[in-house]
Amino acid sequence: MPKEYRTIEEVAGPLMMVKGVEDVNYDDLGEIELASGEKRRCRVLEIDGTTAMVQLFESSTGINLSNSKVRFLGRSMELGVSGDMLGRVFDGLGRPIDDGPEILPEKRMDINGLPMNPAARNYPQEFIQTGVSAIDGLNTLVRGQKLPIFSASGLPHAQLAAQIARQAKVRGTNEQFAVVFAAMGITFEESNFFVESFKETGAIDRTVMFVNLANDPAIERISTPRMALTAAEYLAFEKGMHVLVILTDITNYADALREVSAARKEVPGRRGYPGYMYTDLANLYERAGRQRGKDGSITMIPILTMPEDDKTHPIPDLTGYITEGQIILSRDLYRKNVTPPIDVLPSLSRLKDKGIGEGKTREDHANTMNQLFAAYARGKDAKELMVVLGEAALTEMDKIYAKFADAFENEYVSQGYNTNRTIEETLDLGWKLLSILPRTELKRIKDEYLDKYYQG
């Protein structure tokens, strides 16, 4: 039986000091029992001799220093995992919130996970079809990759996240595919949108959801993605499933880190975020990947809103260092009613070349991708010139490229949130748009593919 302590010295916000403790370690879970018998959970943040600084998961209201007891459980936070988690909704601490029964765990796993040995990693290389042309055709997602979505406040990243979660699949195989969806600091309305959206299409059956609402404690927000990744590791590496993990919104997570760091009176780093934020984010992101000798994989799409639309803000900046590319949403495209408003030119998937081509997507994929990028870039330049100098200043070829850029945005990028395109449909649509241009302009495509697919 764990020893009880009645030596709570002080409570300040989410932190509490307990004196005279023995055999207590960093990150140990604890339980506070109030005079009324109510129990609240906490964990050890710091040990100094016999004094423990403890962080509360729930609020500190009503804790009376003289008649509250603390017990330390001698283990760090764990999640009870089982195959029955699919189709269920949990809070940020892994408790069911969908009125279903408690999960009977097959095993309990530490939510901090174990770092994957780099030598045991397999290189990401198989294509994942999201059904979204701007991703599949131009910034291809590969199994085991970390590909964040950089959004901004007011842009429809929630709709895009739900669309990818509903539509994503591994093609042409009977391999099991699951989605682990973790939402941090979102409103009840957003949470409801995700749950209903998954239920409507039946996608909930292969999804595990962890939801932390904006009014839940900050400390719970820090554990939410760790809970989700622990569930993903179990499904991928114990059950052999291919798991797509979607984390939204990393900005709320980083703000919770900053809040807790400030309560601990730590020296702040850039913009007040803790100096260890890079390490902390890397601990999350690096749990994605493929392991040698294991069938399953974890692919990750973290979503973050860039404060003030600033790509150089610490959160997108550090995320960009750790992950393999980014999908960027654009306010300009959103104003033009392009849905989803993915800005393909600054977006990048560093592993796309590994997941495309014959046997994976189609032999013409790499060529058409490069040609679409080049043509769209030239078309956008032509449109900007048109704004400054007027249409009369453009050459006939520039006018064709400007027409191509408009068609590309309206037909290829803009597909709505309910259209699920196969990779063949995406590639064929690319050829249809390239046929707006004369064949002589398609210098990035091999003649054999032009002979086979060009429709001009």
Side-chain angles (χ1 to χ4, degrees), residues 113 115-116 118 124 134-135 138-142 144-158 160-161 164 182-186 212 214 218 221-226 228-229 245-262 264 266-289 298-334 340-352 373:
M116 211 187 288
I135 298 176
L138 301 171
N139 294 293
T140 316
L141 179 65
V142 181
Q145 183 177 6
K146 309 175 283 292
L147 186 63
I149 293 174
F150 287 7
S151 181
S153 55
L155 295 186
H157 48 270
L160 179 59
I164 293 171
M184 295 158 275
I186 62 168
N212 163 270
R221 204 154 302 151
I222 292 172
S223 71
T224 307
R226 290 179 167 78
L229 284 159
V245 178
I246 298 179
L247 306 175
T248 179
D249 178 340
I250 295 292
T251 303
N252 294 339
Y253 170 82
D255 287 345
L257 270 189
R258 178 166 65 176
E259 192 179 318
V260 170
S261 173
R264 290 173 66 177
E266 292 172 340
V267 177
R270 283 164 66 191
R271 305 264 184 119
Y273 291 98
Y276 52 78
M277 186 163 81
Y278 180 88
T279 323
D280 194 282
L281 289 174
N283 280 340
L284 292 182
Y285 298 152
E286 290 297 342
R287 289 171 74 173
I298 298 178
T299 308
M300 189 186 294
I301 299 184
I303 297 174
L304 57 92
T305 45
M306 300 180 284
E308 297 142 32
D309 295 18
D310 179 11
K311 271 195 283 259
T312 65
H313 185 279
I315 305 169
D317 189 29
L318 297 178
T319 295
Y321 280 125
I322 305 164
T323 54
E324 293 109 13
Q326 68 278 331
I327 302 288
I328 295 182
L329 301 190
S330 148
R331 215 175 270 288
D332 286 344
L333 290 176
Y334 180 56
I342 295 173
D343 194 349
V344 297
L345 293 179
S347 296
L348 167 72
S349 166
R350 293 195 184 101
L351 301 179
K352 63 182 176 217
F373 269 126

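Starting from 1, each residue takes its place in the sequence as its number.
- In this structure, the separation between CG on Leu247 and CG on Leu229 is 5.5 Å, given to the nearest 0.5 Å.
- Once rounded to the nearest 0.5 Å, the distance linking CD of Glu286 with CE of Met300 reads 8.5 Å.
- Counting only heavy atoms from C-beta outward, the side chains of Pro156 and Pro341 approach each other to under 4.5 Å.
- Here the CG atom belonging to Asn252 is positioned 12.0 Å from the CD1 atom belonging to Ile303, to the nearest 0.5 angstrom.
- No option in Asp280, Thr224, Asn212 other than Asp280 meets the side-chain hydrogen bond (donor to acceptor under 3.5 Å, both in side chains) test with Tyr253.
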ring-ring contact (aromatic ring centres under 6.0 Å, His included) between His313 and Phe150, worked out: CA-CA 11 Å; His313 185 279; Phe150 287 7; over 10 Å; no
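- Remark: the backbone N or O of Ile328 is not paired with any side-chain donor or acceptor of Asp343 at under 3.5 angstrom.
- Across all their heavy atoms, Thr323 and Arg350 have their closest contact at O-NH1, 2.8 Å.
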Candidate pair Met277 and Ile315, rule side chain to side chain contact (heavy atoms under 4.5 Å, CB included), full reasoning: CA-CA 9 Å; Met277 186 163 81; Ile315 305 169; 4.0 Å; yes
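- Between Pro316 and Met306 the shortest heavy-atom distance is CG-CG, 3.9 Å.
- No more than 12 heavy-atom neighbours from other residues, nucleotides or ligands sit within 6.0 angstrom of OH on Tyr321.
- In terms of heavy atoms, Ala256 sits closest to Ala218 at CB-O, 3.6 Å.
- Summarising the geometry of Arg331 relative to Ser153, their closest heavy-atom pair is NH2-O, 2.9 Å, with the distance given to 0.1 Å.
- The pair Arg271-Asp317 does not count as a salt bridge, with every side-chain nitrogen at least 4.0 angstrom from each carboxylate oxygen.
- With hydrogens and angles ignored, the 3.5 Å screen pairs no side-chain donor or acceptor of Thr305 with any backbone N or O of Ala152.
- A donor-acceptor contact under 3.5 angstrom links the side chains of Thr251 and Asp249, judged on distance only.
- What you find for Asn139 and Leu147 is that their closest heavy atoms are O-CD2, 3.9 Å.
- Looking at heavy atoms from C-beta onward, Leu257 lies out of side-chain contact with Tyr273 at the 4.5 angstrom threshold.
- Note that CD1 of Ile322 is 9.0 Å distant from CG of Asn283, once rounded to the nearest 0.5 Å.
- Summarising the geometry, atom CZ belonging to Arg221 is positioned 9.5 Å from atom CE belonging to Met184; distances are rounded to the nearest 0.5 Å.
- Between Leu329 and Tyr334 there is no side-chain heavy-atom pair separated by less than 4.5 Å.
- Panel note: side chain Gln326, backbone Pro346; a donor-acceptor pair is recorded below 3.5 Å.
- Across all their heavy atoms, Gln145 and Thr140 have their closest contact at OE1-O, 3.6 Å.
- Using a 4.5 Å heavy-atom cutoff, the side chains of Leu333 and Ile342 are not in contact.
- Side chains of Tyr285 and Thr319: a donor-acceptor N/O pair is present below 3.5 angstrom, by distance only.
- Rounding to the nearest 0.5 angstrom, the gap separating the CD1 atom in Ile135 from the CD1 atom in Ile164 is 4.0 Å.
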